[in-house]
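Report on the following structure.
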Protein chains: 2
Amino acid sequence: MMEKPVTSIDTIAKTCIAGRLRLLNRVVTGIYDDALRPFGLKISQGNILILTGKLGVASPVQVCDYLQLDISTLSRNVELMRKNGWLEDVPGEDARSHPFRLTAAGKKLIEKAIPAWEQAQAEARKLLGEEFVSLLNTAAKRVSEANRR
Amino acid sequence: MMEKPVTSIDTIAKTCIAGRLRLLNRVVTGIYDDALRPFGLKISQGNILILTGKLGVASPVQVCDYLQLDISTLSRNVELMRKNGWLEDVPGEDARSHPFRLTAAGKKLIEKAIPAWEQAQAEARKLLGEEFVSLLNTAAKRVSEANRR
DNA sequence: CTGCGATAATTGTATATACAAGCATCTGCC
DNA sequence: GGCAGATGCTTGTATATACAATTATCGCAG
């Protein structure tokens, strides 16, 4: 007969999902940040830039919904990128909303940084393994759907 | 014949490993932080506490090696937990090193928080899927080995 | 035993992140 | 038309995170 397992400190250390995910996040973020450093760009901002580029005109709520980011976090991130000249405000009908878009400099930055991103992506893929990367897609989709409900 | 694929903004948005990992990290960290909030504990500190408990007496370099954390990050995290009465300094032979261990209060905190951790763990597992979680282990091991070389 | 390179940690600075509270605006109801 | 609740964002505060520079100590080569 199996005993009901008692969760020990050791078990947590060995199995905590958050712990592992956070560790991988630190390592992988480091890989991309290293690669992007010559451009004065970090992957945290890079992902916002890219999404903005995809959206054309982006509203904070929309970006936060995609990225599962707190809106206050985005607010300050966008402010930095505006100061860097990569994003600009777009006047909108609803005065509550402050949409933004890429500037020419922002677009140029992305183009210049793509080879570095590709290199980081290759390194991360190699480190994590193909299988993990493909499940990452699945998991990310699941999470997005779960939060869209 | 296959063309060499040109990396577009859209491709990056859809495939960036760092972006997905960071998104999952935010969501999952949120799950654990919500569960642990009643104890005034966040998973970031929780993982350090747990590892410290496992090690008995922990040195900063050692913890940073396990968790792939910058030592300056750990330094300030430990300071907060010392102020909270969860960790205490251990006098060591080498005056450069500042090892620490759990206090009685720290151990008690872990015990009290375990059910909440279990709940968060179950929720995260369900959200991410069994398969992803098991590959998370593999990937984390790989990363640790890669950085031990 | 002395000084120099290596190691361990802290401190300065900046960004990333979230929660709570606040402010402005909008929308619908009367 | 005006108020009440909803919505979108910003601001205050706190922690997490990393890089660079500094401080303190150690160990060894001479």
Side-chain angles (χ1 to χ4, degrees), chain A residues 18-19 21-38 40-49 58-65 67-84 86 89-100, chain B residues 18-19 21-38 40-49 57-65 67-84 86-87 89-100:
Chain A
L21 201 49
R22 292 171 59 79
L23 186 151
L24 290 186
N25 180 56
R26 284 190 292 270
V27 172
V28 170
T29 295
I31 291 172
Y32 287 76
D33 281 355
D34 286 350
L36 297 174
R37 191 159 299 125
L41 182 63
K42 300 179 71 178
I43 192 60
S44 45
Q45 299 191 359
N47 287 135
I48 297 172
L49 280 186
S59 77
V61 269
Q62 192 181 13
V63 169
C64 287
D65 189 55
L67 299 183
Q68 294 295 304
L69 256 184
D70 189 273
I71 194 170
S72 67
T73 300
L74 183 71
S75 189
R76 290 176 236 241
N77 265 328
V78 166
E79 198 192 336
L80 290 173
M81 292 189 275
R82 200 161 1 106
K83 276 185 188 157
N84 275 329
W86 302 332
D89 285 353
V90 177
E93 321 82 57
D94 187 333
R96 287 171 304 181
S97 135
H98 288 198
F100 51 86
Chain B
L21 201 50
R22 292 171 60 80
L23 186 152
L24 290 185
N25 180 55
R26 283 190 292 270
V27 172
V28 169
T29 294
I31 292 172
Y32 286 76
D33 282 355
D34 286 349
L36 297 174
R37 190 160 298 125
L41 182 63
K42 299 180 70 177
I43 192 61
S44 46
Q45 298 191 0
N47 287 135
I48 296 172
L49 279 185
V57 173
S59 76
V61 269
Q62 192 181 12
V63 169
C64 288
D65 189 56
L67 299 182
Q68 294 293 308
L69 256 183
D70 189 273
I71 195 170
S72 67
T73 301
L74 183 71
S75 191
R76 287 174 238 240
N77 265 328
V78 166
E79 197 192 338
L80 290 173
M81 293 189 272
R82 201 160 2 105
K83 277 185 189 155
N84 275 329
W86 302 333
L87 293 179
D89 285 353
V90 177
E93 321 82 55
D94 188 333
R96 285 172 304 181
S97 132
H98 289 197
F100 52 86

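The chains referred to below are lettered A, B, ... by the order of the sequence lines, with proteins before strands, and numbering in each begins at 1.
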**Request:** Compare the minimum distances between each of D/dT15, C/dA9, D/dC9 and the side chain of B/Gln45, then state the nucleotide with the smallest one.
**Result:** D/dT15
**Asked** Heavy atom of residues 70-81 of chain A under 4.0 Å from DNA chain D: which residues?
**Response** A/Ile71, A/Ser72, A/Ser75, A/Arg76
**Prompt:** What stems, by residue range, does DNA chain D take part in, given at least 3 consecutive Watson-Crick or G-U pairs under 3.5 Å?
**Reply:** C:1-30 with D:1-30
**Message:** Please find the pair of heavy atoms, one from B/Phe100 and one from B/Ser59, that lie closest to each other, and give the distance.
**Reply:** CE2-C, 4.5 Å
State whether [X] places a side-chain N or O below 4.0 Å from either non-bridging phosphate oxygen (OP1 or OP2) of [N].
| X | N | answer |
| --- | --- | --- |
| B/His98 | C/dA8 | no |
| A/Ser97 | D/dT7 | no |
| A/Arg22 | D/dA16 | no |

**Prompt:** If you find the nucleotide of DNA chain D closest to A/Ser59 and the one closest to A/Gly30, which residue's nucleotide is nearer the 5' end?
**Reply:** A/Ser59
Please state how far atom [atom1] in [X] lies from atom [atom2] in [N], giving the value in whole angstrom units.
| X | N | atom1 | atom2 | result |
| --- | --- | --- | --- | --- |
| B/Asn84 | D/dA14 | CG | P | 13 Å |
| A/Arg82 | D/dC9 | CZ | P | 12 Å |
| B/Ile43 | D/dT15 | CD1 | P | 17 Å |
| B/Gln68 | D/dA18 | CD | C1' | 13 Å |
| B/Asn47 | D/dA16 | CG | P | 11 Å |
| B/Leu69 | D/dT15 | CG | P | 16 Å |
| A/Lys42 | D/dA16 | NZ | C1' | 11 Å |
| B/Asp34 | C/dA18 | CG | P | 11 Å |

**Asked** Which salt bridge (Lys or Arg N to Asp or Glu O under 4.0 Å) pairs, counting each pair once, include a residue from residues 89-99 of chain A, with sequence neighbours left out?
**Response** A/Arg82-A/Asp89, A/Asp94-A/Arg96
Solution key, residues 40-49 of chain B side-chain donor-acceptor pairs under 3.5 Å, sequence neighbours excluded:
none

**Non-neighbouring partners of B/Asn84 that pass side-chain hydrogen bond (donor to acceptor under 3.5 Å, both in side chains), sequence neighbours left out** = none
**Prompt:** Who pairs with B/Arg22 by side-chain hydrogen bond (donor to acceptor under 3.5 Å, both in side chains), at least two apart in sequence or on another chain?
**Reply:** A/Thr29
**Message:** To the closest 0.5 Å, what do you measure between CD1 (B/Ile71) and SG (B/Cys64)?
**Reply:** 5.0 Å
**Complete:** When rounded to the nearest 0.5 Å, the distance separating CG of B/Leu67 from CZ of A/Arg26 is 6.0 Å
For residues 73-80 of chain A, dump all side-chain donor-acceptor pairs below 3.5 Å to protein atoms at least two apart in sequence or in another chain.
none

**Request:** Take nucleotides 1-6 of chain C nucleotide by nucleotide from the 5' end and write B, S or -, depending on whether a protein heavy atom sits under 4.0 Å from the base, only from the sugar-phosphate, or from neither.
**Result:** -----B
**Message:** Go nucleotide by nucleotide along DNA chain C from the 5' end; which of B/Pro99 and B/Val27 gets its closest nucleotide reached first?
**Reply:** B/Pro99
**Asked** Which residues satisfy the side-chain contact (heavy atoms from CB on, under 4.5 Å) test with B/Ala35, sequence neighbours excluded?
**Response** B/Ala116, B/Ala120
**Message:** Need one value for B/Asp94: base, sugar-phosphate or nothing, where a base atom within 4.0 Å counts as base even if backbone is also close, heavy atoms only.
**Reply:** sugar-phosphate
**Request:** For side-chain contact (heavy atoms from CB on, under 4.5 Å), just list the numbers for A/Leu69 and B/Leu23, CA-CA rounded to whole Å, side-chain angles, deciding distance to a tenth of an Å, and then say yes or no.
**Result:** CA-CA 8 Å; A/Leu69 256 184; B/Leu23 186 152; over 6 Å; no
